[in-house]
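Here's the structure we're looking at; comments come further down.
Just so you know, these numbers come straight off a predicted model, no measurement behind them. Naming convention: chains lettered A, B, ... in sequence-line order (proteins, then strands); numbering from 1 in each chain.
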Amino acid sequence: MANVAVISFPGSNCDRDIMTAVKYITGTEPAQYWHKETSMDKHDLVILPGGFSFGDYLRCGAIAARSPIMDEVMEHVWRGGYVLGICNGFQILTEAGILPGTLMRNKQLQFVCRDVMLTIQHTESNAILAECKEQMQLQIPVAHNEGNYFADPDTLKKMADKGQIAVTYTNTGAENYNPNGAINDIAGVTSENGRVLGLMPHPERKAEDIHGGNDGRLLLASIIEAAS
Amino acid sequence: MTIGAEYTTVDQAREMGLSADEFDRICERLGRIPNLTELGIFSAMWSEHCSYKSSRRWLKTLPTSGEQVIHGPGENAGVVDIGDGMAAVFKIESHNHPSFIEPYQGAATGVGGILRDVFTMGARPVALLNALRFGAPDHALTRHLVSGVVSGIGGYGNCVGIPTIGGETHFDASYNQNILVNAMAVGLAKADRIFLSAASGVGNPVIYIGAKTGRDGIHGATMASAEFSEEDMSKRPTVQVGDPFAGKLLMEASLELMASDAVVSIQDMGAAGLTSSSVEMSSKGGLGMEINLDQVPVREKGMTPYEIMLSESQERMLVVLKPDATERAQAIFDKWDLDFAVIGKVTDTGYLVLTAQDVIVADLPLDPLVNDAPEYDRPHEATPTLSPIDNLSLVQDMPLSHALKAMLGSHFLASRRWVYEQYDRHVMADTVIESGGDAALVRVHGTNRGLAVTTDCTQRYVLADPYQGAMQAVAEAYRNITATGAKPLATTNNLNFGNPEKSAIMGQIVGSIKGMGAACSALNVPVVSGNVSLYNETDGQAIAPAPVIGMIGVIPNIKDAITIALKQAGETLYIIGQSQDAADGWLSNSVYAHVIAYNDTASAPPPVDLGSEQKHGEYIRHLITHHLVSAVHDIGDGGALSALVEMAMAGNIGVNLTLEADQMTHGWAFGEDQGRYLVASTDPTALEAAAARYDVNIQKIAMTSDDRQLKLGSNDIISIEELNSVYENWLPELMGSKDK
């Protein structure tokens, strides 16, 4: 099993949830780091949790991306380590320049919290999704105010060519299948080396039977397995 | 002794909301005339908001004890034993006036304030609820207020990371100029680790933690205790500004501090800020307190003692520490980058003494501040008893499905999805049942136990009959908790009324408290906390009275919990609490009367029978724990047929009514008789046998089907999808996020 670490920033509020879910899957409590820490042990998978780091002031994730611990996360990335950023964690990864693009305010200018359908793709070119089935459909909730993914056409083309557009909102025919207006229905993207994944939906919220679905657990277990 | 500066006058007292008599009373108790700071402190402590001077006499009559109660009213929040050594800590509180003036900040700080009331007792908040009342949907301000309040509630709760999982939103023209925003928070703590506010230990340091004090919300408690007028829109500067990020840090730091064994007592600075917290902590401990105002962290220079004491800046707490704990506490606040200052100490003088720049600026005996606030027995005139309107004059000639569609697409019944999708309902990953059904349910983290939570009040019933209406609010909350499988445990209330100095309004208050007390006693759900919001009037027009009930319940195993959604075809539907030959129902003052018969005449609401409420509740819990039902829904607004459709829409399952056509009258379909539930059963034989044992009337009415249609008779068939679309579209269309 992968050795997992979770980073907490002031204002993170899904750190306990993802730690509970990881422990539920692996049986082992992940390591936890506070944003002010300046050293980190070696881990297979580092998770940046959801929440409102630094109150989302300035821009979502902008201040957290400059926290002391992020130097350690960066080094982990350079070493080829696996990283999963969920929601605010995804925003931090784009602000840190680890992932391309940016997350803008939702198109409808409102916070949105509900289940969405996702398609997982390019599982062959993305090591972090290697244990997932290609075109896998997952029902997982979102909860965010700034999930409207955007990148310029050149970047999008490069990303598409390299298979970095790894998770999309599935067009179910419902008029609001894409909950935030994200360009090309993008719900999650990977780094060029396929080992860093940023994801707007919250898999840890569909991790146990009481959550009314297991799709989040399936995705998390696959990611942990891939990072092992 | 120098008591800073000049004397005050009766005119200044009036400006602060005190009467001339009250000013005389203060001078008499002090033996001198107070200075401005002192008068400000008195006016805040003696405001309706802090002293309950109009309602106290009646609040005392409410049932507040029971074997489940650990702490009843009088603390920051009520505390109830939920088993396994755990306690639920909960309270509801209003933020009505600020939310009308500045909807986003008013609602957001309402949430922040109620969260502090809960975590100040050592409990981690696990659920947020609300009760909202807006004006008529077509009133010019309604959309602006709905939009601001909903995003304010979400803005605070989502950021702090507490799921907002329950509540109610209603519309009524009486709230056009005076909306209601009541927020409820529920937390969990170990039953033997509850923190109280009474100071102890002479010489112990008094510390200030959290955000800095600014000039916002000065005298908010007094504003909350006065009638409103047009010109009050200029009171925007008295609305506090919330910072949910600071609130989140303060919550984490406070919980860490309390876990570190450094705290003697702790109190949040809510209404009347530093004034009420310092006065209440020292008076509850029977001690005194000295505070050096120069040590209070302030946002700007030159703030006067009056401003510092009356500021309602958010995200602040006052703590009495153990003598050797200052360094430990400082380290925790450094970690969270929050302000921390030793501002005074506990004394044994019975006085609150404030100094600034080495001058005593206030020197007040605590006893009169807390105990000598006048208690009024205001004249009250009982609300006249109204007759019910006869069904014959209400029933319209149209197919049931037409009436049903109109009602589902009305402001009474339409889906609130547009509201609750803006609230994070899943953070903390313990949500078992979320908004949209009866009660919501969260897991007690790390256990199989579940906590059911709800808020309820049908203000049109209360307006027509305060006694029956308040009983109905308790009964409906009881049914909502019961419908999940949980056992109702205790209550918090938020009494929203007009000006108590008018005898008719005072009559509503008295009638409501009596009805609420009777229901809470009979159903064994004692009132453990609450809030009173009076003077909800604008230019002399009072709101429809809303004694909102918040209730919690417990289910030992969340795997037994049940939702309203129908699960599969082939199940039998019953109305519980109604006999097989039931025909007509109570349409007077129903949604049907208002929407279909266009009859807005105030008329008698359906009466409540507390004995059958309890009996039916026990029967329903039996059905759920013995797995004899797959879905349960309380029958409330809109009657049995509306409840049935809500169950069908939630599960996207069809229903065939099996009653004879002449039995399915409009009264039967839409009557709002109390004490009833709808259930879907997989085992009708066992359900009927249990009904006989429990002596409960039941009526078999329908079968579930797999064709996604509602068949009301051979000529009256409508698809669930069509019903769902009128139900879901009303609010998005009102709010302009969907074209008509």
Side-chain angles (χ1 to χ4, degrees), chain A residues 8-24 34-37 49-58 60 63 87-88 106-116 140-145 175-176 179 201-213 216-217, chain B residues 124 147 150-151 153-165 243-249 251-253 334-338 417-436 441-443 445-446 448 450 557-559 561 563 565 732 735-738:
Chain A
S8 292
F9 302 91
S12 294
N13 62 27
C14 304
D15 37 357
R16 188 191 78 172
D17 307 357
I18 188 69
M19 291 181 68
T20 305
V22 170
K23 188 175 176 199
Y24 190 82
W34 182 235
H35 74 116
K36 289 181 184 172
E37 291 186 55
F52 290 68
S53 60
F54 295 92
D56 276 357
Y57 297 145
L58 187 58
C60 305
I63 305 177
C87 198
N88 189 229
N106 296 346
K107 190 179 91 180
Q108 69 276 28
L109 305 180
Q110 284 170 5
F111 190 94
V112 59
C113 174
R114 64 177 155 83
D115 281 3
V116 294
I140 293 177
V142 292
H144 57 248
N145 206 29
E175 64 182 314
N176 56 2
H202 286 272
E204 76 279 14
R205 297 178 179 191
K206 280 272 196 283
E208 298 183 54
D209 295 342
I210 63 148
H211 298 150
R217 180 166 80 216
Chain B
R124 177 169 287 278
S147 164
V150 170
S151 59
I153 288 174
Y156 207 101
N158 298 347
C159 180
V160 176
I162 316 296
T164 301
I165 48 169
D243 179 353
F245 176 55
K248 163 78 172 165
L249 301 188
M251 176 177 87
E252 297 298 341
D334 286 349
K335 171 186 165 189
W336 291 97
D337 295 319
L338 289 168
R417 185 182 302 276
W418 184 92
V419 172
Y420 63 72
E421 282 197 346
Q422 295 186 55
Y423 303 149
D424 191 336
R425 308 179 303 286
H426 309 128
V427 64
M428 300 189 91
D430 286 317
T431 302
V432 183
I433 301 176
E434 56 177 80
S435 320
L441 190 77
V442 288
R443 171 175 62 183
H445 193 72
N448 284 324
N557 191 340
I558 45 178
K559 294 199 174 89
T563 65
M735 297 309 295
S737 44
K738 196 177 184 97

- request: Let me know if B/Arg417 has heavy atoms under 4.5 Å from chain A in its side chain, its backbone, both or neither.
  value: neither

message: Side chains of A/Asp17 and B/Val427, heavy atoms from C-beta outward: is any pair under 4.5 Å?
response: yes

- prompt: Between A/Glu204, A/Glu208, A/Gln108, which shows the greatest number of heavy-atom pairs under 4.5 Å with chain B?
  reply: A/Glu208

message: Return the CD1 to NE2 distance between A/Ile140 and B/His426, rounded to the nearest 0.5 Å.
response: 12.5 Å

Proximal component of A/Pro141, with respect to chain B [non-hydrogen, under 4.5 Å]: side chain

query: Minimum heavy-atom separation for A/Lys36 to B/Lys335, with atom names?
result: NZ-O, 3.0 Å

task: Could you pull out all residues at least two apart from A/Phe54 that satisfy ring-ring contact (aromatic ring centres under 6.0 Å, His included)?
output: A/His35

message: Is A/Lys206 in contact with chain B via its backbone, its side chain, both, or neither, using a 4.5 Å heavy-atom distance?
response: neither

4.5 Å side-chain heavy-atom contact, B/Tyr420 and A/Cys113: no

message: Between B/Thr431 and chain A, with a heavy-atom cut-off of 4.5 Å, which part of the residue counts as in contact: side chain, backbone, both or neither?
response: backbone

Under 4.5 Å from a heavy atom of chain A, the part of B/Lys559 involved: neither

- prompt: Hey, is NZ on A/Lys23 packed in by over 12 heavy atoms from elsewhere, all under 6.0 Å?
  reply: no

query: If you count the non-hydrogen atoms of other residues, nucleotides and ligands that lie under 6.0 Å from NZ in A/Lys107, is the total more than 12?
result: no

field: Side-chain donor/acceptor of A/Asn13 to backbone N/O of B/Asn158, under 3.5 Å
entry: yes

message: How long is the straight-line distance from CG of B/Asp430 back to NE2 of A/His211, given to the nearest 0.5 Å?
response: 6.5 Å

task: Kindly give the heavy-atom pair with the smallest separation between B/Phe245 and A/Phe52, and that separation in Å.
output: CD1-O, 4.2 Å

message: Please report the interatomic distance CD(B/Glu421) to CZ(A/Arg114), rounded to the nearest 0.5 Å.
response: 5.5 Å

message: As an exercise: rank B/Val432, B/Val150, B/Asp424 by heavy-atom pairs under 4.5 Å with chain A and give me the winner.
response: B/Asp424

- prompt: Going from OG on A/Ser12 to NZ on B/Lys248, what distance comes out if it is rounded to the nearest 0.5 angstrom?
  reply: 8.0 Å

